[in-house]
Protein chains: 2
Amino acid sequence: MNIPNRHVFYISDGTAITAEVLGHAVMSQFPVSVHSVTLPFVETELRARAVKEQIDAIYQQTGCRPLVFYSIVLPEIRTIILQSAGFCQDIVQALVAPLQQELEVDPVPIAHRTHGLNPANLGKYDARIAAIDYTLAHDDGISMRNLDQAQVILLGVSRCGKTPTSLYLAMQFGIRAANYPFIADDMDNLRLPAELQPLRSRLFGLTINPERLAAIREERRENSRYASLRQCRMEVAEVEALYRKHQIRYINSTNYSVEEIATKILDLMGLNRRMY
Amino acid sequence: MNIPNRHVFYISDGTAITAEVLGHAVMSQFPVSVHSVTLPFVETELRARAVKEQIDAIYQQTGCRPLVFYSIVLPEIRTIILQSAGFCQDIVQALVAPLQQELEVDPVPIAHRTHGLNPANLGKYDARIAAIDYTLAHDDGISMRNLDQAQVILLGVSRCGKTPTSLYLAMQFGIRAANYPFIADDMDNLRLPAELQPLRSRLFGLTINPERLAAIREERRENSRYASLRQCRMEVAEVEALYRKHQIRYINSTNYSVEEIATKILDLMGLNRRMY
């Protein structure tokens, strides 16, 4: 089958992250090969006209209307984009109109900046940065100080996804997430460190299929004992036994992205998701 | 004025990150006070029915239909949510219908998982994790090894936003982002380190208003010279002079979130945004 190819623009007067994520979700529903361009901070008429020309040029080259997913507050900027040859869809407005009826209030579109900073959210933003600092300071068992301030303490063997998951929890949700590694030397007599015992309710285990773990470790240290399937099998078995013994909740990270692991942890632990 | 209050649900069979971000963007357009609940991984009929009951209970308590922003692939799960008392809006579908006409192809909705892992994107995912590893290993000038593998090297004084921005670049966009701090001891004779000189085109400077910097530092070390406005003014002036002398591009991070700083840097440096 011949898969059609389309140019797609994600355009915003802000970061364009929302336009990009949603447009990508929409496009992934179609059997179409996509060539995409993201254009953030389209805030001036000058830049908007340059963007319009870029869209029009693609149309002239290909004879096919580029698809445009946009979110722009100022009407005069929006108008310029809408004059382009693109097939333009306002990602937020499509949902605003039906809501307006249900809510029986008019929208006040001026203040909106999804990923922006303003005096009203500065305190919340500072808490997020503090969560990132905390998480970095408590990555990989570096520091066991102030561990009682952690909202989650991730456990697991080396390279099972603790660090990226902790950082994602801090960055996306403002969660203070420590993590503690079980290393090969611990395995002969694996036990839960004394510092972690009183914090049992905040512990969360990660596990991973030994085959995937061996492949990840092989990238780091080729042909090492560390990366051998035998070693990986042994470590994973020991750690899973520890989780069961102490009734520590855990999930297998093998087939999940950091987004999925992080949101599953929050869901299972009943932690609130902050939004930034 | 009496601001109405509404319960809002963000529901998905995946992480619900897209539903949350978009629903939040839509709600922020209305002068309505929002009480929100995010429910990810609604993948079974059992869980869907529990969610329906949760929505219905709110309706019975408040007499007001909860607003529901959802994205669910399986029709049998979707149907259960749609039977609830909520005012339900499919965040992706609202944009799929008009596109279907324009593209003249039917959507194939089964495969969609925005933040999921699958064999087709595993290589790209591994590259993202490698970018996070690289960024952590090159945070705060810890290591100057392999600096030529960085796609961006952020410069700036202590606490101007280098670390969160680098991590966000790695996490969200898969960019290998090193960062290098200028510390107080450097200031008497501030110069660009020899290791950075050949990498001039990848350098990017951050600056910050001295007042905001002093407030951030004060949180860390109260009443210190480090946090004094005088010290902050001096450091910022020196570093900005260095940027200008070496023609290093820079932005002032004071009024921007990490999302905004990161996307501005990519935009100004012409770096591609990967999507995960």
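Since this is a predicted model, take the numbers as computed values, not measurements. A note on names: the letters A, B, ... follow the listed sequences, proteins ahead of strands, and every chain is numbered from 1.
Heavy-atom distances place the side chain of B/V32, and not its backbone, under 4.5 Å from chain A. For chain B, no part of A/A130 is nearby; none of its heavy atoms comes within less than 4.5 Å. For B/I132, the part sitting under 4.5 Å from any heavy atom of chain A is the side chain, from C-beta outward, and nothing else. There is no contact between B/N272 and chain A, counting heavy-atom distances below 4.5 Å. B/L67 touches chain A through its side chain: at least one heavy atom from C-beta onward sits under 4.5 Å away, while N, CA, C and O do not. Contact annotation for A/Y125: only side-chain heavy atoms (C-beta onward) come within less than 4.5 Å of a heavy atom of chain B. No part of B/L266 comes within reach of chain A, as not one of its non-hydrogen atoms sits under 4.5 angstrom from that chain. Interface remark: B/T254 contributes backbone atoms only to the contact with chain A (heavy atom separation under 4.5 Å).
Using a 4.5 Å cut-off on side-chain heavy atoms (C-beta onward), A/V92 and B/Q29 make contact. A/P40 places none of its side-chain heavy atoms less than 4.5 Å from the side chain of B/K264.
Using a 4.0 Å cut-off between charged nitrogen and carboxylate oxygen, A/R220 and B/D126 do not count as a salt-bridge pair. Note on B/E104 versus A/R6: no salt bridge recorded, every NZ/NE/NH1/NH2 to OD/OE distance being 4.0 Å or above.
We find the CD1-CD1 distance between B/I91 and A/I91 to be 10.0 Å, quoted to the nearest 0.5 Å.
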